[in-house]
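Along the sequence shown, residues carry numbers from 1.
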Amino acid sequence: MLACVLSITSYAAINVYEFDSVQQEAQYRGMIEELRCPKCQNQNLAGSDAPIAQDLKQKTYDLIKDGRSDGEIRNYMQDRYGDFITYNPPVRPSTWILWFFPPLLLLFLIIGWFWQSKRRQVSARGQDGVTVDSAVEALTSAEQAQLDRLLSRPDNTDLDITSTEDKK
C-alpha cells in the first residue's frame with residue numbers, strides 16, 4: 001500500500017512534455033530556468049512545485065508549441081505577472097531604483113570614506129584650519145624672571161608658583 005502511495009506521489013511531480021524538436025525542448029528548459037515562480041521566493045519555474053508554477057510551465061510549453069519566440073514568451077509573462085516574473089527586470093523609470101540605487105549608494109560610500117580619511121590626514125598633520133590665537137601675549141619680564149627662578153631651583157621644594165604680590 002505504501003509503495004503504491006509513493007509511486008503516485010512521484011508520478012504527480014514529474015511533468016512529461018513532448019516536443020517537435022530538440023530546439024523546442026532547449027527553448028522550454030531555458031525559459032522555465034529563466035522565469036521566476038510568482039508564489040515562491042527566489043525559485044524559478046523549473047525548481048518550483050507550486051500549482052501556479054505548474055500552470056506557467058504548461059503555458060510556456062503551449063506558447064513554444066505555437067512557435068513563439070523567447071521575447072514573445074517573456075512579454076506575455078510580464079504582461080500578466082509584472083516584472084517580478086523575471087530575474088532580470090527591464091530598465092525603465094519604475095525599475096530605476098533597482099538598477100541605479102546600489103551603484104549610487106556604493107559611490108557615495110566610497111566618496112564619504114575618501115573624504116573622511118583625507119580629513120583625518122589633514123587633522124593629524126595639524127593643517128585642519130585651526131589658527132593660533134595671536135592675542136596671547138608673551139610673558140612679562142617679571143613673569144619670565146619668576147619662571148626662571150622656579151626652574152633653576154635645585155631642590156624644587158617650593159612648588160608654590162604664586163607671586164609674592166599675590167601672597168600679600
Side-chain angles (χ1 to χ4, degrees), residues 1-139 147:
M1 178 72 175
L2 180 64
C4 184
V5 170
L6 289 176
S7 67
I8 290 172
T9 305
S10 64
Y11 177 73
I14 297 172
N15 294 327
V16 179
Y17 297 109
E18 292 185 21
F19 297 96
D20 297 335
S21 66
V22 177
Q23 288 82 17
Q24 281 187 344
E25 184 175 356
Q27 182 185 12
Y28 171 76
R29 299 220 181 272
M31 289 306 298
I32 64 170
E33 289 285 332
E34 180 183 325
L35 297 174
R36 183 186 296 182
C37 175
K39 183 176 181 182
C40 307
Q41 294 292 323
N42 295 326
Q43 231 178 357
N44 56 17
L45 293 179
S48 176
D49 289 330
I52 192 166
Q54 300 299 324
D55 293 343
L56 290 177
K57 286 179 195 175
Q58 181 63 45
K59 188 64 183 175
T60 303
Y61 174 75
D62 293 341
L63 291 172
I64 288 173
K65 290 293 277 184
D66 287 345
R68 303 278 180 94
S69 68
D70 288 352
E72 291 172 331
I73 295 171
R74 272 187 221 105
N75 289 338
Y76 176 85
M77 295 294 183
Q78 283 181 335
D79 288 345
R80 277 138 190 95
Y81 299 100
D83 292 334
F84 182 80
I85 197 77
T86 64
Y87 285 106
N88 194 12
V91 178
R92 58 178 139 188
S94 64
T95 60
W96 283 357
I97 194 165
L98 294 173
W99 288 103
F100 302 120
F101 181 69
L104 286 176
L105 179 64
L106 180 64
L107 182 67
F108 284 127
L109 290 175
I110 290 172
I111 289 171
W113 180 76
F114 276 118
W115 180 74
Q116 187 70 14
S117 65
K118 184 73 175 175
R119 190 171 162 212
R120 284 187 188 146
Q121 288 175 353
V122 169
S123 178
R125 282 189 237 139
Q127 300 171 351
D128 57 350
V130 175
T131 57
V132 177
D133 186 12
S134 61
V136 176
E137 298 176 8
L139 295 176
L147 180 62

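- Annotation for Glu18: atom CD does not count as buried by contact number, only 12 or fewer foreign heavy atoms lying within 6.0 Å.
- With values rounded to the nearest 0.5 angstrom, Asp55 atom CG is found 11.0 Å from Lys39 atom NZ.
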Run Thr60 and Tyr17 through side-chain contact (heavy atoms from CB on, under 4.5 Å) and show every step you take.
CA-CA 11 Å; Thr60 303; Tyr17 297 109; over 6 Å; no
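- With values rounded to the nearest 0.5 angstrom, Leu63 atom CG is found 10.0 Å from Gln58 atom CD.
- In this structure, CD on Gln78 lies 9.0 Å from CD1 on Ile85, to the nearest 0.5 angstrom.
- Using a 4.5 Å heavy-atom cutoff, the side chains of Leu56 and Ser48 are not in contact.
- Taking CZ of Phe108 as the start and CZ of Phe101 as the end, the distance is 9.5 Å to the nearest 0.5 Å.
- By the neighbour-count criterion of 12 heavy atoms within 6.0 Å, atom CD1 of Ile97 is sparsely surrounded, having that number or fewer from other residues, nucleotides or ligands.
- We find the NZ-CG distance between Lys59 and Leu35 to be 13.5 Å, quoted to the nearest 0.5 Å.
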Trace of the side-chain contact (heavy atoms from CB on, under 4.5 Å) decision for Met31 with Leu45:
CA-CA 9 Å; Met31 289 306 298; Leu45 293 179; over 6 Å; no
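- When all heavy atoms are compared, the tightest approach of Thr86 to Arg36 is O-NH2, 3.9 Å.
- Between Tyr87 and Asn44, the closest heavy-atom pair is OH-N, 3.2 Å.
- Side chain of Gln24 to main chain of Asp20: a donor-acceptor pair is present (N/O by atom type, distance under 3.5 Å, no hydrogens or angles).
- Using bins of under 30°, 30° to 60° and over 60° for the plane-to-plane angle, the ring pair Tyr28/Phe19 lands in the tilted bin.
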Steps toward side-chain contact (heavy atoms from CB on, under 4.5 Å) verdict (Leu98, Asp83)
CA-CA 11 Å; Leu98 294 173; Asp83 292 334; over 6 Å; no
Show your working on side-chain contact (heavy atoms from CB on, under 4.5 Å) between Thr95 and Arg92 and close with a plain yes or no.
CA-CA 5 Å; Thr95 60; Arg92 58 178 139 188; 3.8 Å; yes
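- Arg120 CZ to Trp115 CH2: the interatomic distance, rounded to the nearest 0.5 Å, is 10.5 Å.
- Side-chain atoms of Tyr81 never come within 3.5 Å of backbone atoms of Tyr76 as a donor-acceptor pair (strictly under, hydrogens ignored).
- Counting only heavy atoms from C-beta outward, the side chains of Val91 and Phe100 approach each other to under 4.5 Å.
- Checked by atom type and distance alone, the side chain of Gln43 never pairs as donor or acceptor with a backbone atom of Asp49 at under 3.5 Å.
- Between Arg29 and Glu25 the shortest side-chain heavy-atom distance falls below 4.5 Å.
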